[in-house]
Undergrad: 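The structure under discussion is supplied below as structure tokens; questions concerning it will follow.
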Amino acid sequence: MSEPGALRMRLEGLVREVAKFGAVGAVGVLVDLGVFNLVRHFTELPVVRASIVATVVAIVFNYLGFRYFTYRDRDKSSRTKELVLFLLFSLVGLVIQNGLLYAATYGFGWDTPLQSNFFKFFGIGVATLFRFWSYRTWVFRALPAKEAVQTAESFLEKTPRQAVHRQPDHV
């Protein structure tokens, strides 16, 4: 394949990945903000604690979406390692996201519902950049080309082969 063709295929793959990541992430943002506002409305939890609860719920939702939708074609050989790395990087994202909310709330006194939602959303955006990079680089790694070929070959070997019989050409 020509180099421009290969580059175009890689870019198209990246665009598809970003779109899938964005779709799961967008629903995850709705889950995060929805739970955040429900917790703020129905409990007396302080703003950052309510945000942490909401972020944890969104992390669980996002793992399921990323594993079974965005990165379903990625290496599945070590789910325990994948989950540990996902939780580790999600924890870093949680700190980024809620650290910004904490600074706005307690550092600047911006604690109205509108301000809290704005800085929660802003924190989600900043943390998402980190999460996209870390998830695709460390958590949901692409299979190396050699492994992908071996996996495909082993799959084909397991499927029953149907013999195709051709009638001889008669002249």
Undergrad: What heavy-atom pair brings Gly93 and Ala127 nearest, and what distance separates the two atoms?
TA: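 It is O-CB, 3.4 Å.
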Undergrad: Run the side-chain donor-acceptor check on residues 84-92: report pairs under 3.5 Å with partners two or more places apart or on a different chain.
TA:
from, atom 1, to, atom 2, distance (Å)
Ser90, OG, Phe86, O, 2.7
Ser90, OG, Tyr135, OH, 2.7

Undergrad: Would Arg10 and Glu17 count as a salt bridge (Lys or Arg N to Asp or Glu O under 4.0 Å) if you check the C-alpha gap in whole Å, the side-chain angles of each, and the deciding distance to 0.1 Å?
TA: CA-CA 10 Å; Arg10 288 186 69 188; Glu17 180 181 346; over 6 Å; no
Undergrad: Could you pull out every donor-acceptor pair under 3.5 Å between side chains of residues 24-38 and any protein atom, sequence neighbours left out?
TA:
from, atom 1, to, atom 2, distance (Å)
Asp32, OD1, Lys120, NZ, 2.7
Asp32, OD2, Gln97, NE2, 3.0
Asn37, OD1, Asn117, ND2, 3.1
Asn37, ND2, Leu33, O, 2.8
Asn37, ND2, Asn117, OD1, 2.8

Undergrad: Got a sec, which pairs hit salt bridge (charged side-chain N to carboxylate O under 4.0 Å, His left out) with one end in residues 47-59, sequence neighbours left out?
TA: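 Salt bridge (charged side-chain N to carboxylate O under 4.0 Å, His left out) check on residues 47-59 returns no pairs.
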Undergrad: If two hydrophobic side chains count as joined below 4.5 Å and joins carry through other members, does Val56 share a cluster with Leu83?
TA: yes
Undergrad: If the condition is salt bridge (Lys or Arg N to Asp or Glu O under 4.0 Å), which residues does Arg8 pass it with, not counting sequence neighbours?
TA: Glu12
Undergrad: Any non-hydrogen side-chain atom of Arg40 less than 4.5 Å from a side-chain atom of Ser116?
TA: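 Answer yes - side chains close enough.
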Undergrad: Honestly curious: do Phe130 and Tyr71 fall in one hydrophobic cluster under the side-chain, below-4.5 Å linking rule?
TA: yes
Undergrad: May I have the list of side-chain donor-acceptor pairs in residues 99-110 shorter than 3.5 Å, sequence neighbours left out?
TA:
from, atom 1, to, atom 2, distance (Å)
Thr105, OG1, Leu101, O, 2.8

Undergrad: If two hydrophobic side chains count as joined below 4.5 Å and joins carry through other members, does Val18 share a cluster with Met9?
TA: no
Undergrad: May I have all residue pairs that pass salt bridge (charged side-chain N to carboxylate O under 4.0 Å, His left out) and include part of residues 97-107, sequence neighbours excluded?
TA: none
Undergrad: Please list, chain by chain and in numerical order, all residues satisfying side chain to side chain donor-acceptor pair (under 3.5 Å) with Gln115, sequence neighbours excluded.
TA: Thr112
Undergrad: Within the 4.5 Å heavy-atom criterion, are Arg131 and Val126 side-chain neighbours or not?
TA: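 They are not in side-chain contact.
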Undergrad: Mind checking what makes ring-ring contact (aromatic ring centres under 6.0 Å, His included) contact with Phe132, not counting sequence neighbours?
TA: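 If we apply the ring-ring contact (aromatic ring centres under 6.0 Å, His included) test to Phe132, skipping adjacent residues, the hits are Phe21.
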Undergrad: Show the nearest heavy-atom pair for residues Thr70 and Asp73, with the distance to one decimal.
TA: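 What the structure gives for the nearest pair is O-OD1, 4.2 Å.
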Undergrad: According to the salt bridge (charged side-chain N to carboxylate O under 4.0 Å, His left out) rule, which pairs have a member within residues 51-72, sequence neighbours left out?
TA: Arg67-Glu82
Undergrad: Cluster question for you: counting only ILVMFWY and a side-chain heavy-atom cut-off of under 4.5 Å, with indirect links fine, are Phe119 and Val47 together?
TA: yes
Undergrad: Who pairs with Thr137 by side chain to side chain contact (heavy atoms under 4.5 Å, CB included), at least two apart in sequence or on another chain?
TA: Trp133
Undergrad: Is there a continuous path of hydrophobic side-chain contacts, each under 4.5 Å between heavy atoms, that joins Phe118 to Val48?
TA: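 Yes.
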Undergrad: Can you tell me how far CD1 of Ile59 sits from CG of Leu64, rounded to the nearest 0.5 angstrom?
TA: 12.5 Å
Undergrad: Hey, what do you get for NZ (Lys20) to CZ (Phe66), rounding to the nearest 0.5 Å?
TA: 12.5 Å
Undergrad: Quick one: salt bridge (charged side-chain N to carboxylate O under 4.0 Å, His left out) pairs with a partner in residues 89-100, sequence neighbours left out?
TA: none
